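The structure appears below as structure tokens.
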Amino acid sequence: MGFMSRLKSWLGGEEVERYQPPPGNGYQYTYGTPNTERAISTYDSMANVAYAGNGVVFGVIDTRRRLFSEARFKFRNLTDKRLFGTPALSKLEQPWPGATTGEMLSRMEQDVSLYGNAYIRDCGDRLERLRPDWVTIVSEIVTDAYGGEVREVIGYAYEPTGDQDRSTQFYPVDEVAHWSPIPDPMANFRGMSWLTPVLREINADNMMTDHREAYYRNAATPNMIIKYSTELTPDQVDRITKTIRARHAGPENAYKTMLLDNGADPMVVGDQLNDALAIIQAAGENRIAIAGGVPAIVVGLKEGLGAATLANYDSAIKSFADLTMRPNWRSVCASLSKLVDVPEGAELWFDTSDVIALQEGEQTQAETFSVDAATASTLLTAGYTPESVALAVKARDMSLLKHTGRFSVQLLPPGAEAPEPPKGGEADE
């Protein structure tokens with residue numbers, strides 16, 4: 001039974017036609033069919049040409065991956081924002097044999113960067129990463145509460161074309177966590193890789209790298225035209241060309257003195273790599289870093305190192321964490337929450353307290369502690385309970401404060417006596 005026949009049977013006999021995309025450069029996206037969404041298989045191209053074939057793309061993705069994989073999963077109490085763990089998190093801590101949370105997050109970040117989508121399947125006692133270009137999102141039209149029509153995902157068809165020992169399977173939507181932090185504007189459910197808008201920059205960067213390589217391979221010395229006062233035969237031209245290439249081509253022969261025949265008139269037409277090449281290439285690298293949401297100084301690109309100071313680096317790391325990593329951590333928690341038993345009154349959350357890159361410098365940390373201590377002292381003097389003050393200061397949430405019912409005498413009218421505290425020893429604010 002073929003893929004479309006199996007898909008038809010999964011959908012209860014509904015006929016489904018797969019969209020056949022026009023030939024292109026491998027980077028186009030399909031617009032989807034009424035029942036399926038699947039991007040053209042660009043995963044191989046992105047992985048081999050962009051990720052493995054371009055140092056800038058690799059550096060940006062790997063920087064994202066390294067910080068993203070540092071987070072750990074916890075549950076967060078919705079009332080007091082307290083983080084806690086339970087055995088229910090074990091599936092995320094050891095997703096498959098020999099794997100850790102960091103490895104799963106690394107895989108998900110790679111899939112999202114290269115393909116725009118990451119899929120994690122619940123296999124019962126373990127999880128499984130589904131290669132994103134083998135997944136087809138299956139949806140159908142359902143009737144909403146108001147009698148209208150709405151399209152919703154009912155499952156995922158997994159077609160492992162590169163695994164001959166495995167057959168095509170259909171997984172219900174409840175079994176698969178789908179993470180797509182950047183929505184594809186041409187689709188309802190799938191995501192888009194952040195590399196898509198900068199494919200031309202990646203191609204241009206590769207061509208400029210080839211240009212620089214050719215410069216060193218073909219001489220690493222001035223480009224020259226050699227003129228002779230007399231006309232040469234084709235055999236003489238071939239002989240002279242072979243001799244010059246053998247003695248002077250390649251970086252190992254650079255800077256050697258060139259000896260020419262009588263009557264030869266060498267003329268230099270280019271004696272160095274154009275400075276504009278480095279400027280243009282640096283601008284392209286910066287655009288790639290911008291698309292990836294990583295400041296150039298954090299990746300180590302030329303555009304960022306030109307303004308490299310400790311203050312600029314700290315500011316860039318904070319911007320990277322606040323604008324790129326934290327939204328991704330929140331959204332991946334929302335996607336993966338269906339795979340674990342989340343306690344009532346809590347949500348799946350991330351813990352970055354032990355991530356060294358996000359910890360403040362010693363001076364800033366000392367200043368923050370001093371401000372927190374002063375705030376806590378003021379709140380205690382105002383009559384709030386020590387426990388609620390500690391929670392509120394740590395969570396930066398004043399709604400967590402609880403009052404004891406005791407007020408400073410300075411707040412009472414002259415001659416008035418302090419009121420008795422309420423029964424129970426404390427009162428809400």
Side-chain angles (χ1 to χ4, degrees), residues 26-27 29 39 42-71 102-118 132-133 179-184 191-210 212 277-309 312-332 350 352 355-358:
Y27 294 122
Y29 279 89
T42 60
Y43 194 79
D44 290 341
S45 300
M46 291 291 196
N48 295 322
V49 178
Y51 186 61
N54 187 283
V56 177
V57 174
F58 176 83
V60 173
I61 293 179
D62 202 54
T63 300
R64 289 168 53 103
R65 181 197 63 80
R66 281 180 287 170
L67 184 56
F68 188 71
S69 63
E70 284 284 284
E103 182 173 349
M104 181 181 69
L105 291 178
S106 291
R107 286 287 193 173
M108 296 182 74
E109 163 56 33
Q110 283 181 334
D111 289 344
V112 160
S113 286
L114 297 177
Y115 204 70
N117 301 269
D133 58 324
W179 182 45
S180 53
I182 302 179
D184 186 340
M192 182 183 76
S193 166
W194 64 262
L195 292 172
T196 303
V198 290
L199 289 176
R200 290 194 298 175
E201 276 76 9
I202 296 172
N203 290 334
D205 187 80
N206 287 339
M207 287 188 287
M208 285 185 279
T209 301
D210 293 341
R212 186 174 61 247
L277 178 66
I279 297 175
I280 295 173
Q281 191 166 22
E285 293 173 351
N286 192 52
R287 284 194 291 270
I288 293 173
I290 291 173
V294 186
I297 188 175
V298 176
V299 185
L301 300 179
K302 180 178 182 297
E303 288 286 317
L305 295 179
T309 64
N312 289 345
Y313 182 81
D314 289 343
S315 177
I317 280 288
K318 186 177 186 305
S319 175
F320 176 40
D322 292 345
L323 300 180
T324 303
M325 289 291 100
R326 293 191 186 279
N328 283 357
W329 281 322
R330 284 195 291 269
S331 62
V332 79
F350 57 93
T352 58
V355 179
I356 300 299
L358 302 184

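Since the model is a prediction, treat every value here as computed from it, not as a measurement.
- Take Thr352 and apply the side-chain contact (heavy atoms from CB on, under 4.5 Å) test, not counting sequence neighbours, and it matches Ala71, Arg326, Trp329, Phe350, Val355, Leu358.
- The shortest distance between side-chain heavy atoms of Tyr115 and Ser193 does not fall below 4.5 Å.
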Exercise. Report the C-alpha distance between Met104 and Val332 in whole Å, list the side-chain angles of each, state the deciding distance to 0.1 Å, and finish with yes or no for side chain to side chain contact (heavy atoms under 4.5 Å, CB included).
Key: CA-CA 11 Å; Met104 181 181 69; Val332 79; over 6 Å; no
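- Listed by chain and number, the residues in a salt bridge (Lys or Arg N to Asp or Glu O under 4.0 Å) with Glu201 are Arg287 (sequence neighbours excluded).
- Not counting sequence neighbours, the partners of Ala118 by the side-chain contact (heavy atoms from CB on, under 4.5 Å) test are Met108, Asp111, Val112, Trp179.
- A side-chain donor from one of Tyr51 and Gln110 sits under 3.5 Å from a side-chain acceptor of the other.
- Looking at residues two or more places apart in sequence or on another chain, you find no side chain to side chain donor-acceptor pair (under 3.5 Å) involving Arg200.
- Leu301 contributes atom CG, which lies 8.5 Å from atom CD1 of Ile288 (distance to the nearest 0.5 angstrom).
- Glu70 meets the side chain to side chain donor-acceptor pair (under 3.5 Å) test with no other residue; sequence neighbours excluded.
- A heavy-atom distance below 4.5 Å is found between the side chains of Asn312 and Ile297.
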N/O donor-acceptor pairs under 3.5 Å from side chains in residues 61-68, not counting sequence neighbours:
{"from": "Asp62", "atom 1": "OD1", "to": "Arg65", "atom 2": "NE", "distance (Å)": "2.8"}
{"from": "Asp62", "atom 1": "OD1", "to": "Arg65", "atom 2": "NH2", "distance (Å)": "3.0"}
{"from": "Asp62", "atom 1": "OD2", "to": "Arg66", "atom 2": "NE", "distance (Å)": "3.3"}
{"from": "Thr63", "atom 1": "OG1", "to": "Gly59", "atom 2": "O", "distance (Å)": "2.7"}
{"from": "Thr63", "atom 1": "OG1", "to": "Arg66", "atom 2": "NH2", "distance (Å)": "3.4"}
{"from": "Arg64", "atom 1": "NE", "to": "Glu109", "atom 2": "OE2", "distance (Å)": "2.7"}
{"from": "Arg64", "atom 1": "NH1", "to": "Gly292", "atom 2": "O", "distance (Å)": "2.6"}
{"from": "Arg64", "atom 1": "NH2", "to": "Glu109", "atom 2": "OE1", "distance (Å)": "3.3"}
{"from": "Arg64", "atom 1": "NH2", "to": "Glu109", "atom 2": "OE2", "distance (Å)": "3.4"}
{"from": "Arg65", "atom 1": "NH1", "to": "Ser106", "atom 2": "OG", "distance (Å)": "3.3"}
{"from": "Arg66", "atom 1": "NE", "to": "Asp62", "atom 2": "O", "distance (Å)": "3.3"}

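- Across all non-hydrogen atoms, the minimal contact from Ala291 to Val198 is CB-CG1, 3.7 Å.
- Partners of Trp194 according to the ring pair (Phe, Tyr, Trp, His ring centres under 6.0 Å) rule, which considers only residues two or more places apart in sequence or in another chain, do not exist here.
- Scanning all heavy atoms of the two residues, the minimum distance from Ala289 to Val60 falls at CA-CG2, 4.1 Å.
- At most 12 heavy atoms of other shown residues, nucleotides or ligands fall within 6.0 angstrom of atom CZ in Arg107.
- The shortest non-hydrogen separation linking Ser69 to Leu105 is CA-CB, 3.9 Å.
- When atom types are taken as modelled, the side chain of Thr324 and the backbone of Ala321 share no donor-acceptor pair closer than 3.5 angstrom.
- Scored by the side-chain contact (heavy atoms from CB on, under 4.5 Å) test, Asn54 finds Val56, Val57, Ile202, Asp205, Asn206 as partners (sequence neighbours excluded).
- Applying the salt bridge (charged side-chain N to carboxylate O under 4.0 Å, His left out) test to every pair with at least one member in residues 288-300, sequence neighbours left out, gives no pairs at all.
- Residues Asn328 and Pro181 come closest through the heavy atom pair OD1-CB, 3.7 Å.
- Of the possible donor and acceptor atoms, none in the side chain of Ser180 sits under 3.5 Å from a partner among the backbone N and O of Asn117.
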